Participant: 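Here it is: the structure, laid out below.
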Amino acid sequence: ARKPIIAIDGPAGAGKSTVARRVAAELGLLYLDTGAMYRAVTWLVQQSGVEISDEAAIAELVSQSEIELVQGDVDAGGTAPHALMPSRLHSSTPAPLTVLINGQDVTREIRTPQVSAQVSAIAAQGEVRRALVKQQKEYGRRGGVVMDGRDIGTQVFPDAELKIFLTASVQERARRRQLDLKEQGQPEVSLETLERAIFERDQKDSSRKISPLRKADDAIELVTDDLTIEAVVEKIICLYRDRL
Ligand code: C5P
């Protein structure tokens, strides 16, 4: 028997990774950001100069690549690749995952607007999904993991003990993204531009043929427009405890 799995799905910018990371830390579970894996592949494709429509070349690239998600700072030492165990259990502000592709740290590079603009086209490709979903299932084989993405509750772990569908209005998600960018000292982007980018990504992710973004029938939907991160985390922890 495996330990429980929490699946957190939802559209772009709904706060899934922040919430998932905190829930994992509070409950002493592993955390896996599956979006980071699709982003890492997208970054690699862009670096390699392969056309994003060249599915065969991309499939080949993916089959030769290794993606690692490491909890905490890799340079701090001691954290083995694939060791997703939170380094600071029960901390409410755990470190973000470090993302490596073929040994290269791309944690920051995968968050650029260039990657965000093309990731949906890459994530729609069957071979890419097959390779990454296989790896995600392997990570979660023994359970005890919080996984966030688009298809975790529907495809990757349809038997997850708790499924959350996290949403917020496009306007609210754009507003939060703008604040994030500001905090990171990035150049200001208008709300209108952010709303359009978020809307377009949602459209692509929801309308693709393979594993489109959708709420699993048994997922609990949380609309977070008027909720703080703390409130959402607390709600999920309550739901999890109720089920154990
Ligand atoms: O979660 P994040 O916004 O970083 O995900 C980036 C993109 O990766 C999504 O817009 C989607 O195209 C893709 N993705 C996916 N399936 C997942 C996670 C992410 O298709 N499970």
Side-chain angles (χ1 to χ4, degrees), residues 5-24 31-46 52-53 55 58-59 62 67 69 96-99 101 106-140 145-158 160 163-168 170 172-174 176-178 180-181 184 194-216 219 224:
I5 290 176
I6 303 180
I8 303 183
D9 290 303
K16 297 184 300 296
S17 33
T18 306
V19 165
R21 187 149 39 98
R22 291 203 192 181
V23 167
Y31 164 54
L32 193 87
D33 175 357
T34 64
M37 300 172 73
Y38 292 94
R39 286 174 179 275
V41 168
T42 304
W43 178 85
L44 189 68
V45 168
Q46 291 175 342
I52 72 158
S53 57
E55 298 202 18
I58 292 172
V62 170
I67 301 170
L69 300 178
L97 292 177
T98 296
V99 183
I101 188 157
V106 292
T107 309
R108 291 172 62 88
E109 287 79 356
I110 63 170
R111 304 290 162 194
T112 62
Q114 291 89 313
V115 168
S116 299
Q118 292 199 312
V119 63
S120 295
I122 304 250
Q125 300 181 9
E127 291 299 325
V128 172
R129 299 205 73 81
R130 227 185 317 281
L132 298 191
V133 168
K134 185 172 171 228
Q135 197 179 335
Q136 290 154 15
K137 285 185 168 160
E138 185 56 29
Y139 274 129
V145 62
V146 182
M147 221 177 260
D148 82 339
R150 301 293 185 290
D151 62 341
I152 310 306
T154 55
Q155 298 292 331
V156 183
F157 285 106
K163 299 181 189 179
I164 303 292
F165 196 75
L166 209 61
T167 69
V170 172
E172 176 62 17
R173 289 185 278 137
R176 291 178 190 167
R177 186 56 48 93
Q178 197 180 45
D180 285 348
L181 292 171
Q184 294 161 18
L194 291 169
E195 281 177 24
R196 194 171 337 108
I198 287 172
F199 179 79
E200 280 174 7
R201 195 139 64 90
D202 288 352
Q203 290 284 100
K204 287 182 196 148
D205 290 340
S206 311
S207 63
R208 70 181 174 220
K209 285 210 187 69
I210 313 165
S211 309
L213 166 68
R214 74 171 176 81
K215 177 186 163 300
T224 67

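All figures in this text were calculated on a predicted structure; none of them were measured in a lab. Just so you know, ligand 1 is whichever comes first in the structure, and atom 1 is the first atom listed for that ligand.
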Participant: Do you see a donor-acceptor pair shorter than 3.5 Å between the side chains of S116 and R111?
Facilitator: no
Participant: Counting from 1, what ligand 1 atoms have a heavy atom of D151 closer than 4.0 Å?
Facilitator: 16 (N), 17 (C), 21 (N)
Participant: List for me each residue that meets salt bridge (charged side-chain N to carboxylate O under 4.0 Å, His left out) alongside R208, sequence neighbours excluded, and say none if there are none.
Facilitator: D205
Participant: Side chain, backbone, both or neither: which applies to A12 and ligand 1 if a contact is any heavy-atom pair less than 4.0 Å apart?
Facilitator: neither
Participant: Heavy-atom distance under 4.5 Å between the side chains of D9 and T154, does that happen here?
Facilitator: no
Participant: What residue among V62, L44, I101, V106 forms side-chain contact (heavy atoms from CB on, under 4.5 Å) with I67?
Facilitator: I101
Participant: Distance only, no hydrogens: is a donor on one side chain within 3.5 Å (strictly under) of an acceptor on the other, for Q114 and Q46?
Facilitator: no
Participant: For atom 18 (C) of ligand 1, grab the closest protein heavy atom and report residue, atom and distance to one decimal in Å.
Facilitator: T34 OG1, 3.3 Å
Participant: Just going by heavy-atom distances, which of I210, D9, D205 is nearest to atom 11 (C) of ligand 1?
Facilitator: D205
Participant: With atoms numbered from 1 as shown, which atoms in ligand 1 lie under 4.0 angstrom from a non-hydrogen atom of R208?
Facilitator: 12 (O), 15 (C), 16 (N), 20 (O)
Participant: Please tell me if the side chains of V156 and T34 come closer than 4.5 Å, counting only heavy atoms from C-beta onward.
Facilitator: no
Participant: Got the closest protein heavy atom to atom 16 (N) of ligand 1, with its distance?
Facilitator: R129 NH2, 3.0 Å
Participant: Starting from atom 4 (O) of ligand 1, what is the nearest protein heavy atom, named by residue and atom, and what distance separates them?
Facilitator: R39 NE, 2.6 Å
Participant: Charged N to carboxylate O under 4.0 angstrom, E200 versus R196?
Facilitator: no
Participant: Please write down residue, atom name and distance for the protein heavy atom closest to atom 1 (O) of ligand 1.
Facilitator: R150 NH1, 3.0 Å
Participant: At a 4.0 Å threshold, what atoms of ligand 1 neighbour a non-hydrogen atom of A123?
Facilitator: 12 (O), 13 (C), 20 (O)
Participant: Do me a favour and list the nearest non-hydrogen protein atom to atom 6 (C) of ligand 1 with residue, atom name and distance?
Facilitator: R201 NH1, 3.5 Å
